[in-house]
A.B. asks: 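The structure is given below, and queries will be raised subsequently.
Indexing begins at 1, ligand by ligand and atom by atom, following the structure's order.
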Amino acid sequence: MKSVMITGGAGFIGSNYARFALEQHPDWKVIVYDKFTYAGNPDNLTDLASRFKGRYTLVRGDIADREAVFDAVKQHGIDIIINFAADSHVDRSIEEPGTFIMTDCYGTYELLEAARAFKIERYHQISTDEVYGDIEPPGRSAEADPLRPSSPYSASKTGGDLLCLAYHRTYGLPVTITRGTNNIGPFQYPEKVVPVWVTNAIDNQPLPLYGDGRQMRDYQYVLDHCEGIDIVVTKGVPGEAYNVGSGVETTNLDLAHAILDLLGKPYSLIQPITDRPGHDRRYAVDNNKVRGLGWAPSHTFAQAIEKTVRWYRDNESWWRKIKTGEYLDYYKRQYGGREVK
Ligand code: NAD
Ligand code: TYD
């Protein structure tokens, strides 16, 4: 049995990956280690304890807390750390950068220190295509390109990546990195664009659209990303980063239209608002390196968005519970008074 620590495993991608890993690797024990910030949700993991008896453990802890990290790594005899834990939303990083630096940089440092102290066999960092900054068409960011992050979120994630690469070079730590594009699918906290728009549209509420809506993102289905991560964890070369993304970009306006079409709602729900400061126009990745390990996406954009919209339509109780209290305060702070006529 291998003992695998999935930090941030109660969040969106981490919980999808924890389930995927337990299904794919019968010889893995999974220890989800999570601080349970507003984005960490026990409802994302409810099926795991009964489905994978004896192979799944949940530990509450902060990755920036050395004692708690070292205790967990020691107590569970961790062989592999896969770090999903992060503050992850660009708009929140513009509002309050401090927690991003603490978790995404300093927390990464503490995990790397634990990996070094306990000589673990693999440390894998979940990173983002946002570390490259935006790129003019028809360019695509490749792994060796310079990192030019634009937001406090992407700058903090870049700090995490650079520490990982430094620990590989300096201490020979067996580190790999995946830089994923935007994920969509079940259990995404309704602050990212797709769950905000889908849940608003279901309730006939406006879909806030930043600026001219011509910004482009590569929206991939979360399980495609999980497969890419898994291939890199098991077959990737230490010291290397791998882009994981579908290679297909969609404008925000086209995304809004796709969601409204799937739900049979009018385009008049789209509400232009003032743009996000520092807003990156376009992300696009070259995914040939991870394809070289045998990965390919299984979902087209149309399939990914259809499955995603269906999940939010079928699981209203999951997101209605979130869209109360602190969430409503955030929503008002974030969007209030920004309408553009
Ligand atoms: P999320 O916000 O849904 O979940 C983050 C999880 O990390 C939560 O469970 C939270 O409680 C936990 N966490 C936060 N701070 C912590 C700390 N200090 N210690 C322990 N746990 C902590 O995020 P997500 O969208 O699932 O993203 C997961 C990872 O993937 C992040 O590293 C993010 O940068 C990266 N990523 C996300 C996307 C995307 O589209 N969402 C794309 C590429 C890369
Ligand atoms: P988001 O989901 O926040 O991800 P990213 O980390 O790529 O910024 O936003 C995706 C795109 O959607 C981005 O171009 C900003 C835009 N957007 C809106 O137009 N309205 C919104 O309410 C949100 C949250 C994002």
A.B. asks: Nearest protein heavy-atom contact for atom 41 (N) of ligand 1: which residue, which atom, what distance?
C.D. replies: I13 CD1, 3.7 Å
A.B. asks: For ligand 2, indicate whether the residue N182 contacts it via side chain, backbone, both or neither (heavy-atom separation under 4.0 Å).
C.D. replies: side chain
A.B. asks: If you measure from each heavy atom of Y219 to ligand 2, is any distance below 4.0 Å?
C.D. replies: yes
A.B. asks: Against ligand 1, does Y189 come closer than 4.0 Å with any heavy atom?
C.D. replies: no
A.B. asks: Less than 6.0 angstrom separating the ring centers of F84 and F12, yes or no?
C.D. replies: no
A.B. asks: May I have the step-by-step check of salt bridge (charged side-chain N to carboxylate O under 4.0 Å, His left out) for R92 and E95, ending in yes or no?
C.D. replies: CA-CA 5 Å; R92 290 197 193 240; E95 195 180 44; 5.5 Å; no
A.B. asks: Among protein heavy atoms, which sits nearest to atom 15 (C) of ligand 2, and what does the distance come to when rounded to 0.1 Å?
C.D. replies: H279 NE2, 3.4 Å
A.B. asks: Could you check whether the rings of Y219 and F301 sit parallel, tilted or perpendicular, using 30° and 60° as the cut-offs?
C.D. replies: tilted
A.B. asks: In the protein, what heavy atom is nearest to atom 5 (P) of ligand 2, and what distance, to one decimal place, separates them?
C.D. replies: E130 OE2, 3.4 Å
A.B. asks: Of all the non-hydrogen atoms in the protein, which one sits nearest to atom 43 (C) of ligand 1, and at what distance?
C.D. replies: G180 O, 3.3 Å
A.B. asks: I need the nearest protein heavy-atom contact for atom 17 (N) of ligand 2: residue, atom name and distance, please.
C.D. replies: Y210 CD1, 3.4 Å
A.B. asks: Quick one: look at F100 and ligand 1, take heavy-atom pairs under 4.0 Å, and tell me if it's side chain, backbone, both or neither.
C.D. replies: neither
A.B. asks: G9 near ligand 1, heavy-atom distance under 4.0 Å?
C.D. replies: no
A.B. asks: Can you tell me which portion of E130 lies within the under-4.0 Å heavy-atom range of ligand 1? Options are side chain, backbone, both, or neither.
C.D. replies: neither
A.B. asks: Are Y153 and H89 an aromatic pair, judged by ring center distance below 6.0 Å?
C.D. replies: no
A.B. asks: Considering only protein heavy atoms, which is closest to atom 44 (C) of ligand 1, and at what distance to one decimal place?
C.D. replies: S127 O, 3.1 Å
A.B. asks: Compute the minimum heavy-atom distance from T181 to ligand 1 and say whether it is under 4.0 Å.
C.D. replies: yes
A.B. asks: Which of the listed options, A86, A85, G8, holds the heavy atom that is closest to atom 14 (C) of ligand 1?
C.D. replies: A86
A.B. asks: Select one of side chain, backbone, both or neither to describe which atoms of W197 lie under 4.0 Å from any atom of ligand 2, heavy atoms only.
C.D. replies: side chain
A.B. asks: Measure the distances from the heavy atoms of Q334 to every atom of ligand 2 and state whether one is below 4.0 angstrom.
C.D. replies: no
A.B. asks: Which one holds for K192 and ligand 2: side chain close, backbone close, both close, or neither close, with close meaning a heavy atom under 4.0 Å?
C.D. replies: both
A.B. asks: Looking at atom 3 (O) of ligand 1, what's its closest protein heavy atom, distance included?
C.D. replies: F12 N, 3.0 Å
A.B. asks: So which protein heavy atom does atom 12 (O) of ligand 2 come closest to, and at what separation?
C.D. replies: N252 ND2, 3.4 Å
A.B. asks: When you measure from atom 3 (O) of ligand 2 to every protein heavy atom, which one gives the shortest distance, and what is it?
C.D. replies: R276 NH2, 2.9 Å
